[in-house]
Amino acid sequence: MTTLGVVFRPQNPPERLRSVARAADEAGLDQLWLWEDCFLESGIATAAAALAWTDRLAVGVGLLPVPFRNVAALAMEAATLHRLFPDRVLLTVGHGVQDWMEQVGARVGSPLTLLREHVEALKALLAGETVTTSGRYVKLDKVKLDYPPVGTARIYAGATGPKTRALACEVADGILLTAGTPPQEVAAVRSTAKAVTVYVHAATGPDAEARMARELESWNESDGWDAAAAGDAAAVAAVVNRYRDAGADAVILQPTADEPDLEGFVRFTAQQVGPLVR
């Protein structure tokens, strides 16, 4: 069965999240995903709120830029969420957009080295281990969480370039691929990734194709229709099924920036698209 979800884009004001999360929960959507783009909304704060407002919905964050955070602090935040909301949390880390990291004084010389050190230390801390390490960027001295997650806490890594994708497949529990990634690229990482989640541009309604054309143009992906879904439930499900067949474990529909009805979009995804891809 393919896990199906929707992105709540942080370009929407935080006060919109409550009604969208509740609509997703009530409609039976599998997952709601949040972003932490600069300088919009915090991933941890929004995840905690969405989880508290819902009963069964799983919430993912993709992604948390590791240059922003001390790994011990992120481990504490992650462990707290997992203890409060067991089996409903999925966090993704990444090296972040380098221009943004430069803006906040957090850019490092080797983003890949930092990502490797961070993921390895974070996973060990969440597993309840006492961690001592002295890497290029991550330095811990006998750090151990008092309240680690009960059970397994998965940590995904987001990746676009080939080197980061290879690293994500090596050290993380899964890889998150951005919208605009075609199915053939999902298939290319499937053999080495432990799990694959992919965002997919999506729109429905009478003006779906026009809105999608504007969305793709905004991402400089005007020729990227093979990685987008626009139309009714059958049309969107057909694209989801292509990603499923390519090896995606979870397909997360990313609405256009001008989506007029976010609550309606999550209901459409869960109630109309869902039955066609399971």
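Since the structure is predicted, the reported quantities are computational estimates derived from the model, not experimental observations.
- When all heavy atoms of V236 and A203 are compared, the closest pair comes out as CG2-O, 4.1 Å.
- No side-chain heavy atom of P183 sits under 4.5 Å from any side-chain heavy atom of D245.
- Between the E36 side chain and the G43 main chain, a donor and an acceptor come within less than 3.5 Å of each other.
- Between the side chain of T164 and the main chain of T160, no donor-acceptor pair closer than 3.5 Å is present.
- No side-chain heavy atom of L91 sits under 4.5 Å from any side-chain heavy atom of E77.
- A distance-only check finds no donor-acceptor pair linking the side chain of E117 to the backbone of G135 [under 3.5 Å].
- Rounding to the nearest 0.5 Å gives a distance of 11.5 Å between CG of L177 and CD1 of I252.
- The two residues L90 and W33 make their nearest non-hydrogen contact at CD2-CZ2, 3.5 Å.
- The side-chain heavy atoms of M101 and P65, taken from C-beta on, include a pair separated by under 4.5 Å.
- The distance from atom CZ of R242 to atom CG of D226, rounded to the nearest 0.5 Å, is 7.5 Å.
- Electrostatic pairing of R211 and E215 does not count as a salt bridge here, judged by no charged N lying under 4.0 Å from a carboxylate O.
- No path of Ile, Leu, Val, Met, Phe, Trp and Tyr side chains, each step under 4.5 Å between heavy atoms, connects F68 with V108, placing them in separate hydrophobic clusters.
- R69 is not listed as a side-chain neighbour of V93, based on a closest heavy-atom distance of 4.5 Å or more.
- At least one side-chain heavy atom of V104 sits under 4.5 Å from a side-chain heavy atom of F39.
- Side-chain atoms of L84 and L51, non-hydrogen and from C-beta on, never get closer than 4.5 Å to each other.
- In this structure, V7 is not a member of the same hydrophobic cluster as F268, with clusters built from ILVMFWY side-chain heavy atoms closer than 4.5 Å.
- Within the structure, salt bridge (charged side-chain N to carboxylate O under 4.0 Å, His left out) contacts touching residues 121-142 (residues at least two apart or in different chains) are K123-D173.
- Taken together through direct or relayed side-chain contacts under 4.5 Å among Ile, Leu, Val, Met, Phe, Trp and Tyr, V198 and V189 form part of one hydrophobic cluster.
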Audit row: Y199, T181, side chain to side chain contact (heavy atoms under 4.5 Å, CB included) steps and yes/no = CA-CA 8 Å; Y199 293 156; T181 303; over 6 Å; no

W35 and L40: side chain to side chain contact (heavy atoms under 4.5 Å, CB included), yes or no, with the steps?
-> CA-CA 9 Å; W35 292 356; L40 296 165; over 6 Å; no

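- In this structure, the side chain of T92 engages the main chain of V61 through a donor-acceptor pair within 3.5 Å.
- A continuous path of Ile, Leu, Val, Met, Phe, Trp and Tyr side chains, each step under 4.5 Å between heavy atoms, connects F85 with L64, placing both in one hydrophobic cluster.
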Kindly indicate, with the supporting measurements, whether the criterion side chain to side chain contact (heavy atoms under 4.5 Å, CB included) is fulfilled by L125 and L140.
-> CA-CA 10 Å; L125 289 167; L140 299 172; 4.1 Å; yes

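- In this structure, V200 and V240 have side chains that are not in contact, with every pair of non-hydrogen atoms separated by 4.5 Å or more.
- For residues 143-167, the salt bridge (charged side-chain N to carboxylate O under 4.0 Å, His left out) pairs, not counting sequence neighbours, are R165-E185.
- Closest approach of A75 to L145, counting heavy atoms only: O-CD1, 3.9 Å.
- The backbone N or O of A250 sits nowhere less than 3.5 Å from a side-chain atom of T2 that would complete a donor-acceptor pair.
- Using a 4.0 Å cut-off between charged side-chain N and carboxylate O, E263 and R22 make no salt bridge.
- For D30 (side chain) and G5 (main-chain N/O), no donor-acceptor pair under 3.5 Å exists by modelled atom type.
- Residues A235 and A230 approach most closely at CB-O, 3.9 Å, considering heavy atoms.
- The backbone N or O of V119 lies less than 3.5 Å from no partner atom in the side chain of R116, so there is not a single donor-acceptor pair.
- Taking CG from L32 and CG from L57, the interatomic distance works out to 5.5 Å, rounded to the nearest 0.5 Å.
- Atom CG in L17 sits 5.0 Å away from atom CZ in F8 (nearest 0.5 Å).
- Residues R214 and T256 have side chains not in contact (no heavy-atom distance under 4.5 Å, counting atoms from C-beta outward).
- Taking every heavy atom of both residues into account, D55 and R88 meet most closely at O-NH1, 3.6 Å.
- A donor-acceptor distance shorter than 3.5 angstrom exists from the side chain of N241 to the backbone of A237, with no hydrogens or angles considered.
- Under a 3.5 Å cut-off, the side chain of Y137 and the backbone N or O of H118 do not form any donor-acceptor pair.
- In terms of heavy atoms, L4 sits closest to L29 at O-CD1, 3.8 Å.
- In this structure a side-chain-to-backbone donor-acceptor pair under 3.5 Å is present from Q98 to G96.
- Checked by atom type, the side-chain pair R9/N12 shows no donor-acceptor distance below 3.5 Å.
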Criterion salt bridge (charged side-chain N to carboxylate O under 4.0 Å, His left out) on R16 and E259, from CA distance to verdict = CA-CA 13 Å; R16 286 297 314 279; E259 169 57 52; over 6 Å; no

Show your reasoning for whether salt bridge (charged side-chain N to carboxylate O under 4.0 Å, His left out) applies to D87 and R56.
-> CA-CA 9 Å; D87 303 319; R56 47 149 301 279; over 6 Å; no

Given R83 and V150, is the side chain to side chain contact (heavy atoms under 4.5 Å, CB included) satisfied, shown in steps?
-> CA-CA 7 Å; R83 296 282 291 233; V150 177; 3.9 Å; yes

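- Residue V251 is grouped with residue I175 when hydrophobic side chains (ILVMFWY) are merged at heavy-atom distances under 4.5 angstrom, including chains of intermediate members.
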